[in-house]
Protein chains: 2
Amino acid sequence: MYSDGMSTRERLIEATRGLLWERGYVGTSPRAIQQLSGAGQGSMYHHFAGKPELALAAVRRTAQEMRDSAGAVLDGPGTPYERVEAYLRRERDVLRGCPIGRLTMDPEIVASDELRAPVDETLDWLRERLAGLVEEGREGGSFAPGLDGEEIAATIVATVQGGYVLARASGSTAAFDTGVRGLLSLLRASAHAAAPANSPAPGRPSAPGGRAASEETARSATAVPARTAD
Amino acid sequence: MYSDGMSTRERLIEATRGLLWERGYVGTSPRAIQQLSGAGQGSMYHHFAGKPELALAAVRRTAQEMRDSAGAVLDGPGTPYERVEAYLRRERDVLRGCPIGRLTMDPEIVASDELRAPVDETLDWLRERLAGLVEEGREGGSFAPGLDGEEIAATIVATVQGGYVLARASGSTAAFDTGVRGLLSLLRASAHAAAPANSPAPGRPSAPGGRAASEETARSATAVPARTAD
DNA sequence: GTCTATATGACGATAGAC
DNA sequence: GTCTATCGTCATATAGAC
């Protein structure tokens, strides 16, 4: 039950946001929305034409919040690598999953171009931002020169989204963190690669040898307080 | 409507498997199962105590099929890296998503230890198999010595699971493939890394230089015909 | 704008005839 | 084992009083 100080319309949207995050679109009933928002039966239909329209308002707001909070980290201080690391390590409600990404598993969201649009646009925006950071970091040696920005960006976003899957399957946040550490270790290792990342398939006769000087074991940016996940 | 030659019990399980894949647990009704399976109303309750028990049978079978088909690729020919690549590139129903992974977004699956167990065990099995391959590949120079098997395995599985999210959000398989290519480029690059993958944070003064000899641009194993996704 | 009352069909399950 | 009939509840939405 949402507190007062908010209009009925606002409470309906906020209740719907929470239910969509927790139960998805098919698992969210108008009745549950009405009860959680504290609105009477008919009120929902006064402000919105029906469940799809209310869900659209809720999804759009969640998408905007996600862009705002992720943007704050990606625009933060540090080298491109450090900002990618800050994004990967930022505080998340891991076991609740991503309020945007989880909608892609909902048949009725995917079936509706209108409902899918904000989901698609948000994840696309995130990939473009990360791709830009990777491209920028290649110039400074923060990322390997052979890496493709869009490919790495897709890998980063996918690792996060898949990390939620692993965490929820196991009932523990550990798997999410493990996957993120693996990705970070690959990003670090590739920056020190002797060969471009795009062509040579690694076979037996590779024999990685020397040990480069570790210069500043920068412990990267501290986690941003945002509680919203993605 | 499933064809004959199958017992009613079989048709119920198969229908449930399809519906769980497409619509999840909360989006799958006994009525839809009965209609798709061609069974009468009461038949479902003759063979199973209710929706949860039938779903459990369906999920267990899907989990077993996924282990079988993934295992065939992971046990296939080639170096450890090539087998990981074959796994990442194997044929998938990308836009349908992973029939196991998608269940983690279902509140009633996650809330039930019994229903979540086969999901957890399957993804855990997959991670362990991949971790073993990475460890094995480190010996042969197929993977960088500094990489942690369990971490990379979690990254691989997460990239696949997150790739489904990106693909379904955009309505195209392209994003899945892009993420996989990014991960493969990182795995290849790290194998040529001059420094161990675990410690040094990449900063500006890194200057990756030389270009190693590409030896065999092995186009890796051909895709396995399995249509099941994961 | 907000509420109560109500409607139609779907959901999840049971009873019992064949 | 399979089917039809039925049950109580919930999902989604409308009507209309206040």
Side-chain angles (χ1 to χ4, degrees), chain A residues 1-59 103 105-112 114-115, chain B residues 1-59 103 105-112 114-115:
Chain A
M1 190 81 163
Y2 279 78
S3 57
D4 288 325
M6 270 156 120
S7 68
T8 297
R9 186 189 159 87
E10 278 302 300
R11 280 181 289 129
L12 283 166
I13 293 177
E14 290 303 313
T16 303
R17 294 214 301 147
L19 287 165
L20 286 180
W21 193 354
E22 197 175 335
R23 304 192 43 86
Y25 184 85
V26 298
T28 295
S29 68
R31 167 181 258 234
I33 293 170
Q34 288 150 11
Q35 289 181 344
L36 184 60
S37 68
Q41 317 290 58
S43 292
M44 168 179 154
Y45 294 96
H46 172 74
H47 294 284
F48 302 94
K51 178 176 156 180
E53 194 180 296
L54 172 51
L56 184 57
V59 171
L103 298 175
M105 294 302 132
D106 219 301
E108 318 229 344
I109 297 277
V110 171
S112 157
E114 251 197 320
L115 282 169
Chain B
M1 192 83 164
Y2 279 79
S3 59
D4 287 325
M6 269 157 122
S7 66
T8 298
R9 187 189 159 86
E10 279 303 300
R11 281 181 287 125
L12 284 166
I13 292 177
E14 290 303 311
T16 303
R17 294 214 301 147
L19 288 165
L20 286 180
W21 193 354
E22 196 175 335
R23 305 191 42 87
Y25 184 85
V26 298
T28 295
S29 68
R31 165 179 261 237
I33 293 170
Q34 287 150 11
Q35 290 181 344
L36 185 60
S37 69
Q41 318 289 58
S43 292
M44 169 178 154
Y45 294 97
H46 173 74
H47 294 283
F48 301 93
K51 178 176 158 180
E53 194 180 296
L54 173 51
L56 183 58
V59 170
L103 298 175
M105 293 303 132
D106 219 299
E108 318 229 342
I109 298 277
V110 171
S112 157
E114 251 197 321
L115 281 169

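Computed over heavy atoms, backbone and side chain alike; hydrogens, waters and symmetry mates excluded. Residue numbering restarts at 1 for every chain, and letters A, B, ... go by the order of the sequence lines.
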Side chains of B:Gln34 and B:Tyr45: does their closest heavy-atom pair fall under 4.5 Å? yes
At less than 4.0 Å, is any side-chain N or O atom of B:Ser43 found next to OP1 or OP2 of D:dG1? Yes or no. no
In this structure, CG of A:Leu12 is separated from CE of A:Met6 (nearest 0.5 Å) by 9.5 Å
Separation of B:Leu54 atom CG from C:dA13 atom P, in whole Å? 10 Å
D:dT2, OP1 or OP2 - any side-chain N/O from B:His47 closer than 4.0 Å? yes
Can you establish whether the number of heavy atoms outside B:Glu10 located under 6.0 Å from its atom CD is more than 12? yes
What is the distance from CZ of A:Arg31 to P of C:dT8, rounded to the nearest Å? 18 Å
End-to-end axis angle, where each axis spans five pairs of the helix from C:dG1-D:dC18 to C:dC18-D:dG1, to 10°: 10°
Using a 6.0 Å cut-off, check whether atom CD of A:Glu14 has over 12 heavy atoms from anything other than its own residue. yes
Please tell me which of the listed nucleotides, D:dA13, D:dA5, D:dG1, lies nearest to the side chain of B:Gln41? D:dA5
Go through C:dG12, D:dG1, C:dC3 for me and flag the one nearest to the A:Ala39 side chain. C:dC3
Provide, to the nearest angstrom, the distance between the CD atom belonging to B:Gln34 and the P atom belonging to C:dA13. 10 Å
For A:Ser7, report the nucleic acid contact type (base, sugar-phosphate, nothing); a contact means any heavy atom under 4.0 Å. nothing
Which nucleotide in D:dG1, D:dT12, C:dC11 has an atom nearest any side-chain atom of A:Lys51: D:dT12
Answer yes or no: does a side-chain N or O of B:Tyr45 lie under 4.0 Å from OP1 or OP2 of C:dT14? no
Any A:Thr8 side-chain nitrogen or oxygen under 4.0 Å from OP1 or OP2 of C:dT2: yes
